[in-house]
2 protein chains.
Amino acid sequence: MCGILVSMTTDTPARLFQLLSLLQTPREWPGGELAERLGVSRRTVRRDVDRLRELGYPVQATKGSDGGYRLVAGKAMPPLVLDDEEAVAIAVGLRAGAGHAIEGVDEASVRALAKLEQVLPARLRHRVSTLQAATTPLTSGDGASVAPETLTVMASAIAGRERLRFAYRAGDGTATRRLTEPYRLVSTGRRWYLVAYDVDRADWRTFRVDRVNEPFATGARFDPRELPTGNAAEYLRQSMQRRQETYTFSVVFEAPAEVVAERLPAWLGAPEPLADGGCRLRATAGDTVEWLAVRLAMLGHPFTVQEPAELVECVRALGARLTRAADGDPRRA
Amino acid sequence: MCGILVSMTTDTPARLFQLLSLLQTPREWPGGELAERLGVSRRTVRRDVDRLRELGYPVQATKGSDGGYRLVAGKAMPPLVLDDEEAVAIAVGLRAGAGHAIEGVDEASVRALAKLEQVLPARLRHRVSTLQAATTPLTSGDGASVAPETLTVMASAIAGRERLRFAYRAGDGTATRRLTEPYRLVSTGRRWYLVAYDVDRADWRTFRVDRVNEPFATGARFDPRELPTGNAAEYLRQSMQRRQETYTFSVVFEAPAEVVAERLPAWLGAPEPLADGGCRLRATAGDTVEWLAVRLAMLGHPFTVQEPAELVECVRALGARLTRAADGDPRRA
DNA sequence: CCCTCTAGGTCAGACCATGTCCTAGATGTG
DNA sequence: CACATCTAGGACATGGTCTGACCTAGAGGG
C-alpha cells in the first residue's frame with residue numbers, strides 16, 4: 001500500500017494544512033483513508049487530529065464500523081480551504097452584495113472581499129469579473145453604482161493604514177484630486193461613503209464612493225487620527241444632515257403594520273399602525289426616488305404616497321408606463 | 001511589549017497557521033513585528049515565510065526602510081482566515097445569493113456556504129440568521145422561496161454521499177415522504193432543483209427545492225449511480241419540458257436593443273432589434289409573473305407586453321396600484 | 001551617509017515527530 | 001453473541017528538524 005512513490009516532502013505543517021482541507025469536505029473520513037492520502041501511518045493521523053483539536057478546531061470522530069473524522073463547528077473559525085469554484089462563488093456573491101450595502105455586515109463584507117481578492121489567483125480573477133459583469137445588471141438600475149474594486153482598494157488602505165489618493169467629482173460637477181488618510185467605510189441604505197481625513201484641506205471629509213475615481217494606496221503609512229465625533233457612522237450622519245442629501249418620505253399602506261414590516265428592509269424602520277387597519281411608514285432615504293418607487297411596488301400591498309412630490313411623480317410615471325405596457329398598442333410581428 | 005505572558009505552546013504548525021492569518025491582513029508586516037507577535041526570533045520568522053512560499057503561498061517582501069511581508073495572489077488559493085465579522089458577512093452574502101441562483105456559480109456558491117456553515121461557531125450562527133432575516137425581505141417578494149438551510153443540507157448530503165430524507169409537497173398539493181440518493185443541485189433562473197435517485201420509486205426524479213420540507217441526511221452512505229442522461233442540467237431541462245413548468249413571454253421595448261440588453265440578466269438572452277428602433281425580447285421564465293413584471297418595470301424603458309395573458313394582467317394590476325398610489329385618496333394624519 | 005529592512009549561510013543542541021508495538025472502548029452486522 | 005471496524009491513546013527508540021545566535025550581503029529611503 002504505502003508505495004515507494006510517496007515522495008512528499010513529509011513536512012508536518014504542510015500535512016496539517018492538507019488534513020484541514022480534507023476535513024472541511026462535508027463527509028466522514030476514516031482514519032485509514034486519511035493515512036493513505038497523507039502518506040503517513042494511521043497513528044500519525046490520529047496525532048495530527050489531536051493537534052488540530054488543540055489548535056481549537058474541533059474534529060468530531062464517530063466510532064463504529066463506518067465512522068470517521070469530520071470538522072464541526074467550534075469556538076474559533078478555522079481557516080477556510082476553498083477550491084477554485086467556491087472562491088469564485090464567494091467573490092461574485094460578495095461583489096454583488098457590495099452594491100447592496102446590507103446594513104450590519106456592509107463593512108465586514110467589503111473587508112472579507114478585500115482579503116479574498118488579495119490572494120485570489122490571477123486565473124480566477126477574470127472569471128470573477130466576467131461572471132460579475134453578467135450578473136450585476138440584475139440589481140443595479142439607477143446610475144451611481146459603485147465598483148467593487150473601489151471598495152476593496154479603500155478597505156485595504158484602511159486596514160493597512162496607507163494614504164489613499166483619488167479623483168473626486170463633487171455634486172456640483174467640479175473635479176478635484178484628493179490625498180486622504182482613510183478612516184472608515186460606511187454604507188447607508190444603498191450608498192457607500194468614505195470617511196477620511198483630507199490631508200490637503202487638513203480636515204475630516206466624507207466622500208461618496210460612487211463619485212470616486214481611480215483610487216489607489218500611495219504606500220505611505222500613517223498613524224490613524226481620532227475622529228472628532230467618536231463614531232464614523234455618527235459623523236457621516238451629521239455630515240449628511242448638513243448637506244441634506246437625504247429626503248423624507250411618507251407612505252400609507254392598506255395593510256396591517258406587521259404584514260408590511262415583514263417585507264421591509266430593517267433600516268427603513270417600522271411602520272406605525274393606523275386606526276383603520278392600515279399603517280404609515282415615514283422614513284428617510286438617500287436613494288433615488290425611482291428605486292424607492294419600485295421597492296414600494298414590490299411589497300405587494302396597495303398604498304398611497306403622501307410625500308415627497310418627486311416620489312409621487314415618479315410613482316405616477318411608473319404606473320402610467322405599466323398601464324400602457326398592459327394595454328399595449330397592437331404592434332405585431 | 002513582549003510581556004511574560006507569551007505562554008504560547010510554541011508549536012511550529014500552530015505558528016504557521018497564525019502567520020498565515022496575519023499575512024492575510026491587507027497590510028505590510030515587518031519581520032520584527034511578526035517575530036514579536038509569534039514569540040520567536042526574527043530568523044525563525046524568515047524561515048516560516050520560506051516555508052509558506054514552499055507550500056505555494058507567495059509571500060511578497062518589500063525591502064527598504066518600511067518594507068515588510070504580505071501575502072499576494074499566487075497559483076493556489078490559500079486557506080482563508082476570517083475573523084468573526086467577515087465570516088458572518090460571507091455567510092449572509094451567500095445566503096442572500098442562494099435565493100437568487102446566479103447562473104454559473106450557483107452550485108459552487110451553495111457548496112461554499114455548506115462548507116462555511118459546517119464550521120461556523122455557534123455564537124456566529126444566530127447572528128447570521130438574524131441578519132439574514134432582516135435582509136431577505138429586500139429581495140424575496142413572491143412565495144416559494146428557498147431556505148438556505150435546505151440547500152446546504154442537500155449540498156452536504158451530495159458531497160458526503162449520504163442518503164437524504166425529506167417531505168415533499170407536489171404541485172397538486174399531495175404530500176409525500178421521500179428517501180433519495182441526492183445527485184446534484186441545479187438552479188435555473190430563480191429556482192432550485194434537486195436531481196436525485198428516489199430509492200422507494202427506484203427511479204430518477206427532480207424535486208423543486210422550495211417544495212421540500214425538513215430535509216436531513218440519514219447518515220447511510222451510498223455509491224453514486226450514473227445518471228441516464230449524462231448531465232444533471234440536461235436531465236432537469238428534459239424533465240421540466242415534460243411537465244411544462246416554464247412559460248414563454250414576449251415584450252416589446254421602445255428602446256434600442258443594446259440599451260435594453262445592458263440591464264438585462266444574461267440568462268434571459270438578448271433582445272432582437274426591431275425596425276422602428278425598438279426591440280423585442282422573447283424568453284422563457286420559470287418565475288412568477290409578478291416578479292417578472294417588477295423586473296421589467298425596473299428596466300426604466302417604456303415597453304409593451306405581448307404575452308402571456310397572465311403577465312399582461314399582472315402588469316395592468318401593478319400599474320393600477322401605482323397610479324392609485326400616486327393619486328392617493330386624501331387620507332391624512 | 002545612515003538606518004531599516006529582507007535574504008541567507010552556518011552551527012550546536014534541544015526537541016519533536018514518526019512508526020511499530022501495544023490495549024481499551026464504542027458501534028453496527030451477521 | 002462474536003466479529004469486524006473504527007477511534008483512543010500509552011510506550012519507546014531513533015532520526016530528523018527546528019530554533020536561536022551569530023554572521024554577511026543587498027536593497028531602498030531620507
Side-chain angles (χ1 to χ4, degrees), chain A residues 1-4 6-19 22-23 27-55 58-72 160 162-163 218-222, chain B residues 2 6 8-19 22-23 27-55 58-72 160 162-163 218-222:
Chain A
M1 231 164 244
C2 32
I4 320 173
V6 187
S7 59
M8 300 279 306
T9 346
T10 190
D11 197 5
T12 316
R15 201 184 51 237
L16 273 185
F17 275 100
Q18 207 184 337
L19 178 59
L22 287 176
L23 288 179
R27 58 167 282 199
E28 298 251 310
W29 291 92
E33 196 172 345
L34 288 176
E36 202 177 302
R37 285 182 85 127
L38 300 175
V40 290
S41 75
R42 205 165 299 176
R43 185 67 182 88
T44 303
V45 168
R46 236 171 300 142
R47 273 193 276 247
D48 285 352
V49 167
D50 274 350
R51 199 86 150 265
L52 287 182
R53 291 205 249 249
E54 273 167 28
L55 287 175
V59 179
Q60 174 191 289
T62 52
K63 307 190 161 190
S65 60
D66 68 8
Y69 298 95
R70 83 190 313 169
L71 193 60
V72 297
E162 290 184 52
R163 284 188 167 179
T218 63
R221 210 76 56 81
F222 68 90
Chain B
C2 34
V6 187
M8 300 280 307
T9 347
T10 189
D11 196 6
T12 317
R15 200 183 53 237
L16 273 185
F17 274 97
Q18 207 185 336
L19 179 59
L22 287 176
L23 287 179
R27 57 166 283 198
E28 298 252 312
W29 290 92
E33 196 172 345
L34 289 175
E36 202 175 301
R37 285 183 86 127
L38 300 175
V40 291
S41 74
R42 205 167 299 180
R43 184 67 182 88
T44 302
V45 168
R46 236 171 301 140
R47 273 193 277 247
D48 285 351
V49 167
D50 276 350
R51 200 94 147 254
L52 288 182
R53 291 205 250 247
E54 273 166 28
L55 286 176
V59 179
Q60 174 191 289
T62 52
K63 307 192 164 189
S65 62
D66 67 6
Y69 297 95
R70 82 191 313 169
L71 193 61
V72 297
E162 289 183 52
R163 285 188 167 178
T218 63
R221 211 74 57 79
F222 68 91

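Values below: all heavy atoms of this structure, side chains included; hydrogens, waters and symmetry mates excluded. In what follows, every chain begins at residue 1, and chains take the letters A, B, ... in the order their sequences are listed. These numbers were taken from a predicted model, which means no experiment stands behind them.
- The CD atom of A:Glu36 sits 12 Å away from the P atom of D:dC6 (whole-angstrom rounding).
- Note: CZ (B:Arg51) to P (C:dG8) measures 16 Å, nearest angstrom.
- The side chain of A:Arg53 contributes an N or O atom lying less than 4.0 Å from OP1 or OP2 of D:dA8.
- Rounding to whole angstrom units, CZ of residue B:Arg70 and P of C:dC5 are separated by 16 Å.
- Rounded to an integer number of Å, the gap from CD of A:Gln60 to P of C:dT27 is 12 Å.
- For A:Asp50 and A:Arg47, the salt-bridge test fails: no basic side-chain N is under 4.0 Å from an acidic carboxylate O.
- Following rounding to the nearest Å, B:Asp50 (CG) and D:dT17 (P) show an atom-to-atom distance of 16 Å.
- In A:Arg53, the CZ atom is crowded: over 12 heavy atoms of neighbouring residues, nucleotides or ligands sit closer than 6.0 Å.
- Sparse packing is recorded around CZ of A:Arg42, with 12 or fewer heavy atoms of other residues, nucleotides or ligands lying under 6.0 Å away.
- The CZ atom of A:Arg51 sits 5.5 Å away from the CG atom of A:Leu16 when rounded to the nearest 0.5 Å.
- Comparing C:dA17, C:dA7, C:dG9 by their closest approach to the side chain of B:Asp11 singles out C:dA17.
- When all heavy atoms are compared, the tightest approach of B:Trp29 to B:Leu22 is NE1-O, 2.8 Å.
- Side-chain atoms of B:Asp48 lie closest to D:dT19 of the nucleotides C:dA7, D:dT19, C:dG8.
- Rounded to whole Å, the distance from CZ on A:Arg46 to C1' on D:dT5 is 13 Å.
- For the pair A:Glu33 CD and D:dT5 P, the interatomic distance rounds to 15 Å; values are reported in whole Å.
- Among C:dT6, C:dA17, D:dA8, the nucleotide with an atom closest to any side-chain atom of A:Arg15 is C:dA17.
- Closest to the side chain of B:Arg47, from the set D:dG20, C:dA7, C:dT18, is D:dG20.
- Below the 3.5 angstrom threshold, one finds no donor paired with an acceptor across the side chain of A:Arg42 and the base of C:dG19.
- In this structure, CG of B:Leu52 is placed 15 Å from P of C:dT6, rounded to the nearest angstrom.
- Considering only the side chain of A:Arg43, D:dA11 comes nearest among D:dA8, C:dA7, D:dA11.
- Of the listed nucleotides (C:dG25, D:dG20, C:dT6), C:dG25 has the atom at the smallest distance from the side chain of A:Lys63.
- The listed nucleotides are C:dT6, D:dA8, D:dC6; the one nearest the side chain of A:Pro30 is D:dC6.
- Closest contact between the side chain of B:Thr12 and the listed nucleotides D:dC18, D:dA8, D:dG20 involves D:dC18.
- Residue-to-nucleotide proximity on DNA chain D shows that, of A:Gly31 and B:Ser41, the 5′-proximal contact is made by A:Gly31.
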